[in-house]
Amino acid sequence: MLKQKDKLHYETQLLAGLERYEREVGLLNGITYFENRQALIEQIIDSIRRVQYVQAIGSQQISQDRVDPNSSLFDPLKAAVFYRNNGNHDEACWLVYLAIHFGKHLVDGWRLTRDIYGALGMTNGPFTWQVMQGYPNAINDWLSQNYQAMRNDGVSRRFGNHRKYETLRPTSKGTGAAVRSYVDWVMRYGSHGDWFDRSIKTAQGDRREAFSWLYRTMRVHKFGRTAKFDYLTMLAKLDLAPIEANSAYLTGATGPLSGAKLLYGGRTTSSLSADKLDASLIELAKYLDIGMQEMEDALCNWQKSPGRYVAFRG
DNA sequence: GGTTATACGCTCCTGTCGAT
DNA sequence: ATCGACAGGAGCGTATAACC
């Protein structure tokens, strides 16, 4: 939680940044009315806070319960930090992938991630990176066997909001196949570390360019625009890869794109192109001194209710 | 030719609403 | 209360068109 003092500080800074941008670059038609401007600022502050919250996990002491999929306290992101601190970079990144693929549900929390990673406490689990490396089909096969039982045991294991179109149903392109394609993808490079090294080398050390390369070249089933963006920004926040979002990636987006259209064109159906809006947002973020992840997140939440601040849930 | 942007179809689950 | 139809959601994958 931001302290009140911090919040006022951000409000002042963001308001000044927006005014300076409008003086020097151009008008923002979506925030002509002060309540719209205020709602946008509130959403940006919320986004900053969410990023800081995850970054803070990175410097916490992690309890063993967080790492153990048989514990109700299991948390894949905290577990990732634990493994990072203990020199197991692959396991850390693998847990981030699982966390993003399944997502955290508003009510069920990490239950789905926990039960797949931990194989419901069965002896063939947990499905660590070590296991997956030797047998990339481990989760795929296990899921085919246990899918029905999982559906019928009365436990609610829903996907997170960003992953609400996914299914556990064992099809040729379901979760099992998706997970396998991720393992195969990383193995092409040898390890997560080798993969990220390649991106840094290709980008000649530029964190934003490295992010861009990873986003453009990554090919994993069911990892489209939203999942890739969430995954890469999570690696960055937990300090697992030296990268940084270089754009809001509006091409192919729904919420963030309509937020940007609203901000620049005054309405969500404005015909401004994703490309031009992306470029404008990069400039705007400089004026506001915020990252592109915060920008993308804030616009999506703002456009749901542009005239009145509504806290985002889930 | 190869790459990238758009249009569209497909899928899943949840919440709502009216009818029973 | 319970059921079923229905719409809607920060999505994904594919074909096609548009672009070097």
Side-chain angles (χ1 to χ4, degrees), chain A residues 30 39-40 43-44 46-47 50-51 54 97 99-109 111-113 116 143 147-148 150-152 154-182 185 202 212-234 245-263 268-279 281 291-306 309-314:
Chain A
L40 176 63
Q43 293 294 358
I44 294 173
D46 270 11
S47 299
R50 275 192 285 274
V51 169
V54 176
Y97 165 75
I100 300 300
H101 176 83
F102 296 110
K104 184 179 184 180
H105 188 269
L106 185 58
V107 176
D108 305 344
R111 188 65 198 249
L112 180 55
T113 313
I116 303 275
L143 210 44
Y147 167 72
Q148 277 305 332
M150 263 184 116
R151 282 199 63 109
N152 299 328
V155 177
S156 182
R157 304 179 182 89
R158 287 170 288 187
F159 283 87
N161 185 41
H162 288 188
R163 308 297 290 166
K164 58 191 163 200
Y165 301 94
E166 297 305 320
T167 179
L168 283 184
R169 200 152 48 86
T171 64
S172 62
K173 296 205 169 146
T175 281
V179 167
R180 200 221 146 110
S181 80
Y182 175 79
W185 181 261
T202 307
S212 169
W213 183 83
L214 289 166
Y215 182 95
R216 287 197 317 270
T217 56
M218 186 180 185
R219 298 270 184 283
V220 169
H221 284 325
K222 310 309 283 183
F223 248 47
R225 185 246 168 216
T226 308
K228 278 194 290 189
F229 191 79
D230 286 350
Y231 171 72
L232 294 173
T233 52
M234 186 58 75
N246 63 317
S247 140
Y249 288 90
L250 297 180
T251 299
T254 54
L257 178 59
S258 98
K261 285 180 173 178
L262 182 62
L263 181 60
T268 54
T269 53
S270 158
S271 61
L272 298 163
S273 80
D275 244 25
K276 293 221 164 101
L277 288 168
D278 250 331
L281 288 180
M292 294 315 293
Q293 190 196 348
E294 291 89 328
M295 179 63 84
E296 189 260 10
D297 185 52
L299 282 176
C300 183
N301 290 319
W302 175 65
Q303 55 87 31
K304 295 173 189 166
S305 168
Y309 165 72
V310 176
F312 170 67
R313 308 227 176 278

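Chain letters run A, B, ... following the sequence lines, proteins first and then strands; every chain starts at 1.
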[X] [atom1] to [N] [atom2]: how many Å, rounded?
X	N	atom1	atom2	result
A:Arg158	C:dG11	CZ	P	19 Å
A:Arg225	B:dT4	CZ	P	17 Å
A:Leu250	C:dA10	CG	P	16 Å
A:Tyr215	B:dA5	OH	C1'	12 Å
A:Asn301	C:dA10	CG	C1'	8 Å
A:Leu263	C:dA10	CG	P	19 Å
A:Arg216	B:dG2	CZ	C1'	15 Å
A:Arg157	B:dC13	CZ	P	14 Å

For this session: Give a yes or no answer on whether the side chain of A:Ser181 reaches the backbone of A:His221 with a donor-acceptor pair at less than 3.5 Å.
Result: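 Checked: pair present.
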
Problem set entry | Backbone N/O of A:Ala298 and side chain of A:Ser47: donor-acceptor pair under 3.5 Å |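 A pair under 3.5 Å: yes.
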
For this session: Scan A:Lys222 against the nucleic acid and name what it touches under 4.0 Å (heavy atoms): base, sugar-phosphate only, or nothing.
Result: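 Sugar-phosphate contact only - A:Lys222 comes under 4.0 Å of backbone atoms but never of a base.
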
Exercise. How is A:Gln303 classified with respect to the nucleic acid when contacts are heavy atoms under 4.0 Å: base, sugar-phosphate, or nothing?
Worked result: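 Contact class for A:Gln303: none.
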
Does the side chain of [X] get closer than 4.0 angstrom to OP1 or OP2 of [N] through an N or O atom?
X	N	result
A:Thr226	C:dG11	yes
A:Lys164	C:dA10	yes
A:Thr254	C:dG11	yes

Exercise. Of all the nucleotides listed (C:dG13, B:dT14, C:dA10), which has the minimum atom distance to the side chain of A:His221?
Worked result: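 Of C:dG13, B:dT14, C:dA10, C:dG13 is nearest to the side chain of A:His221.
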
Exercise. Among C:dG9, C:dC12, C:dA10, which nucleotide sits nearest the side chain of A:Tyr165?
Worked result: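 Given the options C:dG9, C:dC12, C:dA10, the side chain of A:Tyr165 is closest to C:dG9.
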
For this session: Specify whether A:Phe223 and A:His101 have parallel, tilted or perpendicular ring planes, treating 30° as the upper limit for parallel and 60° as the lower limit for perpendicular.
Result: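 The arrangement is parallel - the two ring planes meet at less than 30°.
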
Exercise. Is there a Watson-Crick or G-U wobble partner for C:dC3 with both distances under 3.5 Å, and which nucleotide is it?
Worked result: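 Pairing partner, where one exists within any strand: B:dG18.
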
Problem set entry | For B:dT11, the Watson-Crick or wobble partner whose two distances fall under 3.5 Å |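 Partner of B:dT11: none found under 3.5 Å.
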
For this session: Write down the distance separating the P atoms in C:dA15 and B:dT11, rounded off to the nearest Å.
Result: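 Result for the P pair: 15 Å, nearest Å.
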
Problem set entry | Gap between atom CD1 of A:Ile116 and atom CZ of A:Arg111 - 0.5 Å precision |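 Taking CZ in A:Arg111 and CD1 in A:Ile116, the distance rounds to 11.5 Å.
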
Problem set entry | Approximate separation, where rounding is to 0.5 Å, of A:Lys261 NZ and A:Leu299 CG |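 Going from NZ on A:Lys261 over to CG on A:Leu299, the span is 13.0 Å.
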
Exercise. Start at the 5' end of DNA chain C and walk down; is the nucleotide closest to A:Phe223 or to A:Phe229 reached first?
Worked result: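 Here A:Phe229 is the residue nearer the 5' end.
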
For this session: Would you state whether a donor and an acceptor, one from the side chain of A:Asp275 and one from the base of B:dA5, lie under 3.5 Å apart?
Result: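 Not at all, since no donor on one side and acceptor on the other fall under 3.5 Å apart.
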
